[in-house]
Number of protein chains: 2
Amino acid sequence: MKKNKGVPVEQSGPLMADVAQLAGVAISTVSRALANPGRVNEKTRAKIDAAAKQLGYTPNAMARGLRVGKSNTIMIILPGSLYYGASQVIPQVLQSINKSLIKEGYNLMIANLGRDEASERHILDLAFGGTVRGAIILSSKLPEIDGRSLASAGLPIVSMLLDMSDAGLPSVVTNDREAMQDVTADLIRLGHRRFLYLAGPEGNYHDVERYGGVLEALEKAGLSESAVVRSGGNLDYQQGFDIGVQAADDFAGLADKPTAVIATSDDMAISFMSRMQCMGLRIPDDLSVVSFDGSPVCAFCSPPLSTIEQPVEEMGQAAVALLLAAIDRPEQKLEMRNVIRSRFIQRESMAAPA
Amino acid sequence: MKKNKGVPVEQSGPLMADVAQLAGVAISTVSRALANPGRVNEKTRAKIDAAAKQLGYTPNAMARGLRVGKSNTIMIILPGSLYYGASQVIPQVLQSINKSLIKEGYNLMIANLGRDEASERHILDLAFGGTVRGAIILSSKLPEIDGRSLASAGLPIVSMLLDMSDAGLPSVVTNDREAMQDVTADLIRLGHRRFLYLAGPEGNYHDVERYGGVLEALEKAGLSESAVVRSGGNLDYQQGFDIGVQAADDFAGLADKPTAVIATSDDMAISFMSRMQCMGLRIPDDLSVVSFDGSPVCAFCSPPLSTIEQPVEEMGQAAVALLLAAIDRPEQKLEMRNVIRSRFIQRESMAAPA
DNA sequence: TTGTACGCGTTATCAT
DNA sequence: ATGATAACGCGTACAA
């Protein structure tokens, strides 16, 4: 059943026509039997199913996509530099999202959004070329080039990890601010009065929220903003580990030493702790450390590292649910800010100051 | 230019026909101008490019794919359980592969191969439904169900990390055996005579090669095979961290204590070290530890962990090169076993026995 | 060098 | 309930 008319035919499998022929029905009946099993006679449906199975028939996704004008692929846009901040959680995010998507009949395509034009163009081609039906974005910047912008692609987009509701994107985030406020309050309660804050890229959502949480806790406790020193922040596109190393140097240069460190990612906390210990400081005796992410490895640091665990699994599920809602019911208004609460895992890295 | 004939029209962008009309040429000329810029008059090409840019035209990938009978999407098949073994390297692998693919005009789709039938079916649908043009697989098992098997999908497949040349798949691996032999020899040279080996899933390629390397080193040094005790191995589908924890218990139960530990992944080495130190052992004074993967975090363990670094970046590039070669020149025989040498990063976790 | 016409595999409309 | 047929958007022989 391969009509070869001058055009080279690839290694293509059985077609719907083959199934139809074997089942002794029309091709359109096969189509229905497979899509709307209800709208076809019980017996003929059985015949068709049998024929399809016998031939090992699989519908051609591109043909279907072309015909119905929709694809069933979702794209996830990852930040170009995987090693800042939430990098530890990427594999879990992917797995969670992919699992949820597959359940609903979708596929997951990966896109990396770097600083180069090529990566922006690639993403826009995916969007405007009809390859993808929707996008989940883990980066704060929306691709825009040559007058085409992802925002205006007519594509449902959901943001995850970062709150981009200001930009009109429904977002799934965790309670960064509140969590940071709580943990800072805990430290204050333990007796800490001077803090070092390890920042990711300055001014981005996580920085604003998390640092904001720290400041609020200080204020509530009647402490001045000067109780906290910032480190990192200006080091875009670096591994979190590097930020921790740099922060250790910063710490060494401080006259009035902090007694507690609040890091915005596990990576930087880990490298920072390591450097501190090399310098002879004991944790938590001389210095308490807490961080953000909840990477499994924290349980096995020495000392075990207290961390705010991001509920990545649930966030992924929520992002998918939101996106599919936007696809299936475009008219419906979506909740713009969806908060999934984090969980603080307290371990031996924090204690009362000496 | 939206011919709407009873069929609901989605938010579809400008078509080739629109570009043709604006440029005042035939639709086929536009097609050529965009695909083979050489085979069309300089001036008309300019007109067409201008029109395309003005309209913000992006070719529809599904329509093209259907027409040419090929997709430009590659799928990467990840093991269902991300946290065993090489899990630490997944983000780097994805980034490296995606970058290489995009440069050649391909997209990357993700697939997770779990133990469930659904995930197998999903992968097979992707393959047989023409959605993907080739696959890179990081799992040892090929999906097979209902008589359809990935191996017989007529799809180029390349294996990465695991050598599956036995199964007929060109593979990109590192020199696991040799690297393990070298590091074991190093330990022997330092004076170690009793070893603990932390295994991943027993009998898989990594286990066979790496454990084989250890045994060879022992033999070369005139030591008996009984000089090494195995731990782990039977704990499929677990986090590497759990294996290290379990191994610590095993260690505690040993009468004749090993003085050196060889782990097959960084995860298990890290959790193992942590537990050992809780038990009061000092590393490397009482116990040397080396592992495999080269995760960045190893540099910041206490003590810094010696590890065999997998050249993930290069392996990804090689896998892509191999796959594209298989796609572009199907007749050409490919090198079945492509070895990219690892690099041993020696750190403070290893020393001479007390 | 450019235009005409057809088909890729599927779904949706319409008529039976 | 089923069958014939016309698109979906694009690429390519072929004719001009």
Side-chain angles (χ1 to χ4, degrees), chain A residues 1-21 23-48 52 55 57-72 125 128-131, chain B residues 1-21 23-48 52 55 57-72 125 128-131:
Chain A
M1 177 51 77
K2 280 173 200 159
K3 292 193 249 172
N4 190 336
K5 196 156 186 181
V7 181
V9 121
E10 287 290 306
Q11 176 70 332
S12 94
L15 272 36
M16 221 167 196
D18 300 294
V19 178
Q21 188 176 17
V25 296
I27 183 171
S28 56
T29 307
V30 176
S31 178
R32 252 171 320 205
L34 269 42
N36 314 38
R39 290 183 38 178
V40 64
N41 187 302
E42 167 67 25
K43 271 196 78 170
T44 50
R45 194 181 53 70
K47 265 195 309 191
I48 290 171
L55 293 174
Y57 171 73
T58 306
N60 183 301
M62 291 193 296
R64 183 207 310 272
L66 176 58
R67 176 61 240 239
V68 304
K70 304 165 162 70
S71 101
N72 62 340
D125 285 348
F128 285 89
T131 304
Chain B
M1 174 54 74
K2 278 175 201 159
K3 293 193 252 175
N4 191 336
K5 196 156 182 179
V7 181
V9 119
E10 286 291 306
Q11 175 72 330
S12 97
L15 270 36
M16 219 166 194
D18 300 293
V19 178
Q21 188 175 18
V25 297
I27 182 171
S28 60
T29 307
V30 176
S31 177
R32 255 171 315 208
L34 268 43
N36 314 38
R39 292 184 37 177
V40 64
N41 186 303
E42 166 68 21
K43 271 195 74 169
T44 49
R45 194 181 53 68
K47 264 195 310 192
I48 290 170
L55 294 173
Y57 170 73
T58 306
N60 182 301
M62 290 193 297
R64 165 182 293 165
L66 178 59
R67 175 62 241 237
V68 303
K70 303 164 163 67
S71 103
N72 61 340
D125 286 348
F128 285 89
T131 305

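Lettering of chains follows the sequences in order, A, B, ..., and the numbering in each one begins at 1.
- A straight line from CZ of B:Arg64 to P of C:dG9 spans 18 Å, rounded to a whole angstrom.
- Rounded to whole Å, the distance from CZ on A:Arg45 to C1' on D:dT2 is 16 Å.
- In terms of phosphate contacts, B:Thr29 brings no side-chain nitrogen or oxygen within less than 4.0 Å of OP1 or OP2 of C:dT1.
- Here the C1' atom of nucleotide C:dT10 and the CG atom of A:Leu34 are 11 Å apart, to the nearest Å.
- Of the residues B:Val25, B:Leu15, B:Asp18, the one that meets the side chain to side chain contact (heavy atoms under 4.5 Å, CB included) test with B:Val30 is B:Val25.
- Rounded to an integer number of Å, the gap from CZ of B:Arg67 to C1' of C:dC6 is 8 Å.
- B:Lys70 has its NZ atom 16 Å from the C1' atom of C:dG9, to the nearest Å.
- The 5' end of DNA chain D is approached more closely, in terms of each residue's nearest nucleotide, by A:Ser28 than by the other of B:Met16 and A:Ser28.
- Between the B:Ser71 side chain and the B:Thr131 main chain, a donor and an acceptor come within less than 3.5 Å of each other.
- Separating the CD atom of A:Glu42 from the C1' atom of D:dT2 is a distance of 16 Å, rounded to the nearest angstrom.
- Side-chain proximity of B:Arg32 to D:dG9, C:dG3, D:dG3: nearest is C:dG3.
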> Which dot-bracket string fits DNA chain D when only Watson-Crick or G-U wobble pairs with both atom distances under 3.5 Å count, crossing pairs get [ ], and | stands for a partner on a different strand?
Replying inline: ||||||||||||||||
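- The CG atom of B:Asn60 sits 9 Å away from the C1' atom of D:dC8 (whole-angstrom rounding).
- Between the CZ atom of A:Arg39 and the C1' atom of D:dT2 there is a distance of 11 Å, rounded to whole Å.
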>> Could you go through B:Glu42 and B:Arg45, starting from their C-alpha distance and side-chain angles, then the distance that decides it, and tell me whether this counts as side-chain contact (heavy atoms from CB on, under 4.5 Å)?
In response: CA-CA 5 Å; B:Glu42 166 68 21; B:Arg45 194 181 53 68; 3.2 Å; yes
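- At C:dT11, one or more side-chain N or O atoms of A:Ser31 fall inside 4.0 Å of OP1 or OP2 (strictly under the cut-off).
- Here the closest heavy-atom approach between residue A:Met62 and residue B:Lys70 is recorded as CE-O, 3.8 Å.
- For B:Asn60 (side chain) and B:Ala63 (main-chain N/O), a donor-acceptor pair under 3.5 Å exists by modelled atom type.
- The two residues B:Gly129 and A:Thr58 make their nearest non-hydrogen contact at N-CG2, 3.7 Å.
- The phosphate of C:dG9 (OP1 or OP2) has no side-chain N or O of A:Tyr57 nearer than 4.0 angstrom.
- Between B:Leu66 and B:Asn41, the residue whose closest nucleotide on DNA chain C is further toward the 5' end is B:Asn41.
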